[in-house]
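All values below were derived from every heavy atom in this structure, side-chain atoms included, with hydrogens, water molecules and symmetry-related copies excluded.
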Amino acid sequence: MTTTNTFLRKLSQTVAIAASLTAASSFPSHAEQAVFDVVFKQARVIDPETKLDAVRDVGISGKTIAAVSTSSLKGKIAIDAKGKVLGPGFIDLHVHGINVPSFWMQAFDGVTTALELEAGGFPIKKAYANAAKLRLPLNYGFSASWAGARLAVADGIQDLDGTMETDTKYFGWPRWSKLLPPEQSADVVKMVEREMLDGGIGIGVVTGYAPETNREEYVALANLAAKYDVPTYTHLRAKNTLEPDGAVEGFVELLGVAAGTGARMHICHINSTSLRKVVDVIPLIEKAQGKKLLVTTEAYPFGAGSTVIGAPFLKPENLPQVGIQSSNIYYLKTKERVATNELLREIRSQDPGGHIVVHYLDEKKPDEMKFIDTAILFQDTMIASDAMPFAINGREVKDEVWPLPESAYSHPRSAATFSTVIARYVREQQSMSLIDVFRRGSLLPANLVATASSQAKRKGRIQPGMDADIIVFDLSQVEPRADYVNPRQPSEGMDYVMVNGQFVIRDGNLLKDSRPGEPIMSTIKSITH
Ligand SMILES: [Zn+2]
């Protein structure tokens with residue numbers, strides 16, 4: 001009997017270890033005896049890389065995931081996560097609200113890393129230094145900013161500091177968004193290269209805000225990205241539903257440049273840049289990807305956009321081409337719909353950098369919502385929020401107050417992008433699996449950023465040795481709350497949000513003093529040829 005029992009016990013241990021190994025839980029078997037700083041017990045663990053979707057204990061030591069095990073792990077802090085989903089925190093590639101209250105809002109949306117890659121930060125050293133001073137709760141990072149380099153080279157702006165507030169102050173300046181002489185254009189590209197070597201993770205290119213800029217410069221930026229094998233992130237040059245300057249043209253420019261240079265080229269917010277044309281551009285992207293072009297996409301699940309009122313596509317005479325009227329534009333400073341083209345013209349000239357929400361597609365109409373669904377559900381579309389900072393009377397809310405003041409306003413995407421995707425596509429439509437939401441929201445963004453920063457290789461995964469950026473939620477409880485009337489309501493359902501091994505949200509409560517955010521910076525080395 002004793003021999004049989006010993007044999008059975010040994011057999012079951014072997015099976016447990018083998019099972020944990022096949023599930024990419026390759027930490028040594030004695031991990032079971034260790035005491036971890038934190039253990040999440042009996043969670044439904046999702047790892048998008050190994051496709052693990054099974055009940056496990058997850059042990060955290062310091063900043064790192066130390067064990068993912070079928071056995072019971074011991075922790076100084078042990079959290080019962082039975083019945084809850086545990087996955088890698090979302091890595092948001094597209095965030096403009098780089099401040100503490102905006103990051104808190106995103107923490108409730110499951111974000112653990114918030115990156116400003118579309119506009120970027122300029123000068124990059126200042127962008128990182130200023131962000132570090134804020135003691136941010138989430139990981140952060142910036143791309144090298146093409147627009148910033150142009151403001152410096154063409155308009156001679158000296159006091160940029162890597163914040164969106166300063167960038168938008170200079171939005172209406174005359175030269176940065178125009179055709180430049182070849183020598184100046186070359187200077188811009190050189191400056192962008194230096195910014196990448198100083199930490200910028202890829203190149204942010206907002207041609208949509210500067211459509212008259214040099215086409216050859218865009219090719220040169222892509223060649224630069226190809227040289228270092230890092231991504232460009234483009235807000236495409238054209239977005240109209242009707243030509244001229246149609247959405248298809250914008251996509252075709254990027255696809256052509258990606259083909260001709262071999263660069264990794266990421267397309268920002270495919271939803272708002274293609275709108276009703278999404279059905280025309282997706283087959284183009286699909287074929288390009290089939291031909292091994294390194295083209296990627298992202299989307300957010302809303303029918304409205306948010307930007308600055310001076311954007312070229314919001315010129316009164318261009319609105320019919322996009323399919324909207326001035327009254328579809330909501331001016332945040334005065335909280336009014338822009339009733340007439342005359343008023344639109346006036347605000348554009350007085351406050352070109354003023355923030356607006358612009359209603360393109362009606363989310364209440366299924367035949368318009370289907371365009372958004374198509375963008376989100378396209379094969380490898382990543383989820384990225386394009387989160388804007390919350391603002392009161394045109395000024396960014398930076399004070400560390402929680403909840404946010406009554407009058408603070410932003411696009412609801414700043415608070416509810418990922419929770420909307422979970423609620424709508426995973427739970428209600430069941431058109432996206434849990435593995436897929438973490439693939440689109442965590443793993444694919446980590447892999448894209450990892451081409452520029454080796455730090456990102458440790459993110460987007462629940463495996464031993466990876467960074468402990470973890471979210472835990474009850475799938476039935478995740479609810480987006482922010483809407484266009486009241487966007488300052490945090491999403492519900494995130495029980496735990498951990499960044500680098502520290503809780504930012506614990507038991508559903510925000511820990512205001514917890515500031516574990518670290519910079520994600522480029523790790524590329526200079527190439528002189
Ligand atoms: Zn954009």
Side-chain angles (χ1 to χ4, degrees), residues 93-96 116-120 122 143 145-151 164 167-168 170-173 176-179 188 192 202-215 217-219 221-222 231-258 265-278 281 284-285 295-300 302 304-319 321-324 329 348 352-358 360-361 375 384-386 388 411 413:
L93 298 172
H94 195 145
V95 174
H96 301 299
E116 164 58 282
L117 301 181
E118 184 206 39
F122 186 92
S143 64
S145 172
W146 169 73
R150 274 188 150 252
L151 275 167
M164 184 171 211
D167 284 358
T168 51
Y170 292 114
F171 184 81
W173 277 58
W176 77 273
S177 59
K178 297 288 187 297
L179 201 70
V188 169
V192 168
I203 310 170
V205 197
V206 288
T207 37
Y209 295 96
E212 293 164 34
T213 46
N214 309 43
R215 269 65 174 173
E217 189 174 310
Y218 190 59
V219 176
L221 291 169
T232 59
Y233 317 90
T234 304
H235 180 131
L236 296 175
R237 198 182 297 270
K239 73 172 285 173
N240 289 344
T241 304
L242 297 174
E243 295 191 90
D245 307 319
V248 171
E249 182 187 326
F251 282 83
V252 164
E253 182 188 32
L254 181 135
L255 296 178
V257 175
M265 302 190 75
H266 182 73
I267 302 166
C268 294
H269 42 51
I270 182 180
N271 56 303
S272 64
T273 304
S274 59
L275 299 171
R276 291 170 175 80
K277 282 283 171 182
V278 70
V281 301
L284 299 176
I285 300 170
V295 173
T296 52
T297 59
E298 63 171 54
Y300 57 85
F302 293 92
S306 181
T307 184
V308 293
I309 199 163
F313 45 86
L314 297 178
K315 273 189 263 188
E317 53 275 24
N318 193 59
L319 300 186
Q321 258 75 18
V322 193
I324 57 168
I329 300 172
R348 279 169 60 87
H355 289 187
I356 53 126
V357 168
V358 48
Y360 297 119
L361 299 171
S385 70
D386 200 355
M388 300 290 278
H411 188 298
R413 72 191 186 198

Do the side chain of [X] and the main chain of [Y] share a donor and acceptor less than 3.5 angstrom apart?
| X | Y | answer |
| --- | --- | --- |
| Asp245 | Ala238 | no |
| Arg348 | Ala311 | yes |
| Trp176 | Ala149 | no |
| Ser306 | Ile356 | yes |
| Ser145 | Ala119 | yes |
| Arg237 | Gly250 | no |

To check you understand the geometry: which heavy-atom pair defines the closest contact between [X] and [Y], and what is its length?
| X | Y | value |
| --- | --- | --- |
| Phe251 | Val281 | CD1-CG1, 3.5 Å |
| Glu118 | Cys268 | CG-SG, 3.7 Å |
| Ala247 | Lys277 | CB-CB, 4.1 Å |
| Pro211 | Pro312 | CD-CG, 3.5 Å |
| Thr168 | Val308 | CG2-CG1, 3.8 Å |
| Trp173 | Ser177 | O-OG, 4.4 Å |

Among Ile285, Leu284, Ile267, which one satisfies side-chain contact (heavy atoms from CB on, under 4.5 Å) with Leu254?
Ile267

Please determine which of Thr241, Leu242, Val322 meets the side-chain contact (heavy atoms from CB on, under 4.5 Å) test together with Arg276.
Thr241

Drop me the distance from Asp167's CG to Glu116's CD, to the nearest 0.5 angstrom.
7.5 Å

To the nearest 0.5 Å, how far apart are OH in Tyr233 and OG1 in Thr296?
8.5 Å

Find out whether Phe122 and Leu151 are in side-chain contact, i.e. whether some heavy atom of one side chain is under 4.5 Å from a heavy atom of the other.
no

On the 0 to 90° scale, with breaks at 30° and 60°, tag the His269-His94 ring pair as parallel, tilted or perpendicular.
tilted

Fit a plane to each ring of His411 and Phe302, take the angle between them on a 0 to 90° scale, and name the class: parallel (under 30°), tilted (30 to 60°) or perpendicular (over 60°).
perpendicular

